[in-house]
There are 2 protein chains.
Amino acid sequence: MKKITIGEAARQSGVKVPTIRYYEGIGLLRVPSRSEGNQRSYEPSDLKRLVFIRHARELGFEVEAIRTLLSLQDNPLQPCASADAIAKARLVEVEQRIRSLTALKAELEMMVEGCGHGRVDQCRVIEVLADHGQCAHHGH
Amino acid sequence: MKKITIGEAARQSGVKVPTIRYYEGIGLLRVPSRSEGNQRSYEPSDLKRLVFIRHARELGFEVEAIRTLLSLQDNPLQPCASADAIAKARLVEVEQRIRSLTALKAELEMMVEGCGHGRVDQCRVIEVLADHGQCAHHGH
DNA sequence: TCTTGCACCTCTAGTCGCTAGAGGATGTAG
DNA sequence: CTACATCCTCTAGCGACTAGAGGTGCAAGA
């Protein structure tokens, strides 16, 4: 039962102090007990939860998805179909995002390579932006 | 000089009506003339500008970058080094983003594949989120 | 002419996930 | 005792829109 301050929790979890308070506000984190001087006082389990949240955020899960994942974690005997579905949906999103960014990269490369570093009226960057018809990929 | 309404401009440019008004508000688009009934009235040049903006947004350029690109387009005799620099910076961002998303994809795939579709307490998705040490990539 | 109904107008507030700052209380080291 | 860091609450801001309220304009059919 070694209780720690919010600052220490921030240091150990990698989540910033105002963000911890924000997570409490939106109900991702339980309301912690307070010290005599009204300061938040966290337990190891809170720390674990913070690391879980941080990690999920780094993987790009939205707060609502994390809310669901946390409630699943809190009820470990339930079937994990939901967790699986959330992760799969995220995977599909990420794959889609990679595809569109790759197309985008090709287009930017064309723009940059085509730029003769002369005047704007000969600049391929501006030209391509002005005329969509010159795009390599018309999907967007 | 065929003037069009904001709705028609939206249809032809692919930029939504409230977004056109928003662009006017932040100064990306000139303040258009008005009809007798106080309705915005756009010219072909506005339409071109809207398409330019839409295209740049689709390529992920921020509004401030677009502001610069537009001012370059308005002064075609200047050297295009700025446009080139903006596009290059965006390219670097995109490449970085693709790299991190690819790492993320690998991690999500591991999570999804490892999930035995049983109960939460055996679920790899939850497990990996809870314990950062199990990640394939520790960079994040 | 009337009326229906869509498109337009302005303005404010909400979205997401924080982040920054004001203004004050508490805790700790020298 | 005095700094100074850290904590507290509260409000407002970020980017790039989006949604909605409450009202006006306009074109076409009955």
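Proteins get letters first, then strands, A, B, ... in listed order; numbering begins at 1 in each.
Rounded to an integer number of Å, the gap from A/Tyr42 OH to D/dC7 P is 10 Å. Here D/dC7 presents its P atom at 10 Å from CZ of A/Arg40, a figure rounded to the nearest Å. The distance between atom CD of B/Glu62 and atom P of D/dC17, rounded to the nearest whole Å, is 11 Å. In this structure, the CD1 atom of B/Ile6 is 16 Å from the C1' atom of D/dC26, given to the nearest Å.
For A/Glu24, the salt bridge (charged side-chain N to carboxylate O under 4.0 Å, His left out) partners are A/Arg40, not counting sequence neighbours. Residues satisfying the salt bridge (charged side-chain N to carboxylate O under 4.0 Å, His left out) criterion with A/Glu8, sequence neighbours excluded, are A/Arg11.
Mapping B/Ile53 and B/Gly37 onto DNA chain D by nearest heavy atom places B/Ile53 at the nucleotide closer to the 5' end. Comparing A/Thr5 and B/Glu64 against DNA chain D, the residue whose closest nucleotide sits nearer the 5' end is A/Thr5.
Against DNA chain C, the stretch residues 85-98 of chain A makes no heavy-atom approach under 4.0 Å. Remark: nothing in residues 66-73 of chain B comes within less than 4.0 Å of DNA chain D through any heavy atom. Contact check of residues 9-26 of chain B against DNA chain D (heavy atom, cut-off under 4.0 Å) returns B/Lys16, B/Thr19, B/Tyr22, B/Tyr23.
Counting heavy atoms from C-beta on, the side chains of B/Tyr22 and B/Val15 never come closer than 4.5 Å. When side chains are defined from C-beta on, A/Pro32 does not count as touching A/Ser41, because their heavy atoms never get closer than 4.5 Å. A/Arg97 places none of its side-chain heavy atoms less than 4.5 Å from the side chain of B/Lys105. B/Leu59 places a side-chain heavy atom less than 4.5 Å from the side chain of A/Leu129. Here the side chains of B/Arg49 and B/Leu28 are not in contact, with every heavy-atom distance at 4.5 Å or above. Residues B/Gln73 and B/Lys48 have side chains not in contact (no heavy-atom distance under 4.5 Å, counting atoms from C-beta outward).
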task = Just do the salt bridge (Lys or Arg N to Asp or Glu O under 4.0 Å) check on B/Arg54 and B/Glu58 with the steps written out, would you?
result = CA-CA 6 Å; B/Arg54 198 206 56 183; B/Glu58 280 169 355; 3.4 Å; yes
task = Before giving the answer on side-chain contact (heavy atoms from CB on, under 4.5 Å), spell out for A/Tyr23 and A/Arg57 the whole-Å C-alpha distance, their side-chain angles and the decisive distance to 0.1 Å.
result = CA-CA 12 Å; A/Tyr23 287 159; A/Arg57 286 293 300 137; 3.7 Å; yes
Pair B/Glu93-B/Gln96, side-chain contact (heavy atoms from CB on, under 4.5 Å): steps then yes or no = CA-CA 5 Å; B/Glu93 275 170 37; B/Gln96 176 52 51; 5.8 Å; no
message = Applying salt bridge (Lys or Arg N to Asp or Glu O under 4.0 Å) to B/Arg90 and A/Glu107, what does each step give before you reach the verdict?
response = CA-CA 11 Å; B/Arg90 178 75 192 128; A/Glu107 198 153 341; over 6 Å; no
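The nucleotide range of DNA chain C contacted by chain B, defined by atoms under 4.0 angstrom from heavy atoms of the protein and reported 5' to 3', is C/dC8 to C/dT10.
For the pairing with B/Ile53, the side chain to side chain contact (heavy atoms under 4.5 Å, CB included) check across B/Leu29, B/Leu69, B/Ile20 returns one residue only, B/Leu29.
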